[in-house]
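Inspection log for the structure reproduced underneath, given as structure tokens.
Lettering follows sequence order; numbering is per chain, from 1.
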Amino acid sequence: MGIAGLLPALKPIQLTRHLSHFSGQTIAVDAYVWLHKGIYACATDLATGKPTHKYVDYAMHRVRLLRYHNIEPYIVFDGGPLPAKRGTEVSRKQARDEYLARGNALAAQGRHSDARECYVKCADVTPQMAYQLIKALRAENVSYIVAPYEADAQLAYLERIGLADGILTEDSDLLVYGCRTVLFKLDTNAATVVSVSRKDFGAIAFPSSEISLVGWSDVQFRAMAILSGCDYLPSIPGIGLKTACTLLRKWKTVNQVVKVLLLEGKKSVPKDYLKRFEMAEKCFLHQRVYCPLSEQLVHLADINGEEWNDEYDAYVGR
DNA sequence: GGTCGGTCTACAT
DNA sequence: TAGACCGACC
């Protein structure tokens, strides 16, 4: 889900660029996006168990498109669920099962296009699908990696250590992880992407944007994102992106912001909010990723003398 | 004015 | 499923 409202707020620095702009570069790609979109081409087949590899074709078509423009893709797959995020999976599975049953019922009545709508809703990217894509990638010598946990952190790591020059995804979270160049909305017909560069953050200012990032460090930007609500921590009710930005501009740090909110007493701040904020920050900073150079698990960013303990490891992955 | 929940829609062929 | 969009509500 990413950071609600962040991409629209970054509109002033979004650049639509032709793929040739990235010629000679390696772009790390979130495989989930392609697999998920590829489902639309074959939702009925997947739901009814009919063998299909259309979703593989869909992804490979994009791989070839990038290569045609002399971009080397580096495909990143999700791994296991992060301890920090466990919990939402069960209800989703139930919802999917219901759509599958409804789809089957409609199909039995011959209402095939109605059935297809249900099949699309029950479709899920499975490890088996990821494996099929991996086989196709291998056959064409495309680099890929399976993240120990979340693809987002792994993508950020590849860019950080220089194995990728940018990230192709649909998720604004990548900017919170610290990525320098994030590409969104690949248009295969026009061969374009929407590019957002971290170095342009300073140009985000009132009144052309809802928020101002002028003079902000990564710490403050990340604080705003987490404060406004992210995958690791829901926001304090009533605080969205703009309020988070305003509060941080005024009070500088999250500690101060929370202190002021408690003093005012208008918002209901969860009692352990600061602690949970800290944990969310750890996920964005130090989530466990795989280093293809040293061939071992590492933290996204090194822990340089920062306080660290077993509880953190349990949260960001081991 | 800003948040938030609801609804619509693209996703691909 | 997620993002964009819109209207209700504080």
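- As judged by a 4.0 angstrom heavy-atom cut-off over every strand, A:E170 is placed among residues touching the sugar-phosphate backbone only.
- Residues A:R249 and A:S212 have side chains that bring a donor and an acceptor to within less than 3.5 angstrom of each other.
- Note: CG (A:L35) to P (B:dA12) measures 13 Å, nearest angstrom.
- The side chain of A:R62 sits closest to B:dA12 out of B:dG1, B:dA12, B:dC4.
- Computed from coordinates, the A:L46 CG to C:dT1 P distance equals 15 Å when rounded to whole Å.
- Using cut-offs of 30° and 60° on the angle between ring planes, the pair A:H36 and A:Y40 is perpendicular.
- For A:S235, counting side-chain heavy atoms from C-beta on, the closest listed nucleotide (B:dT3, B:dC4, C:dT1) is B:dC4.
- Atom CD1 of A:I3 and atom P of C:dA2 are 14 Å apart (whole Å).
- In this structure, A:K185 atom NZ and B:dC11 atom P are separated by 11 Å, rounded to whole Å.
- Taking the six-membered ring for Trp and the full ring otherwise, A:H299 and A:W308 have centroids separated by under 6.0 Å.
- Note that A:R64 lies outside the cation-pi zone of A:Y68, set by a 6.0 Å cut-off to the ring centre and a 45° limit from the axis.
- For the pair A:R116 CZ and C:dT1 C1', the interatomic distance rounds to 14 Å; values are reported in whole Å.
- The distance from atom CZ of A:F184 to atom C1' of C:dA2 is 14 Å, rounded to the nearest whole Å.
- Which of B:dG2, B:dC11, B:dC4 sits closest to the side chain of A:T243 comes down to B:dG2.
- Rounded to whole angstrom, the span from the CG atom of A:D78 across to the P atom of C:dT1 amounts to 14 Å.
- Atom OH of A:Y58 and atom P of B:dA10 are 15 Å apart (whole Å).
- A:K37 has no side-chain polar atom (N or O) that falls below the 4.0 Å cut-off from OP1 or OP2 of B:dA12.
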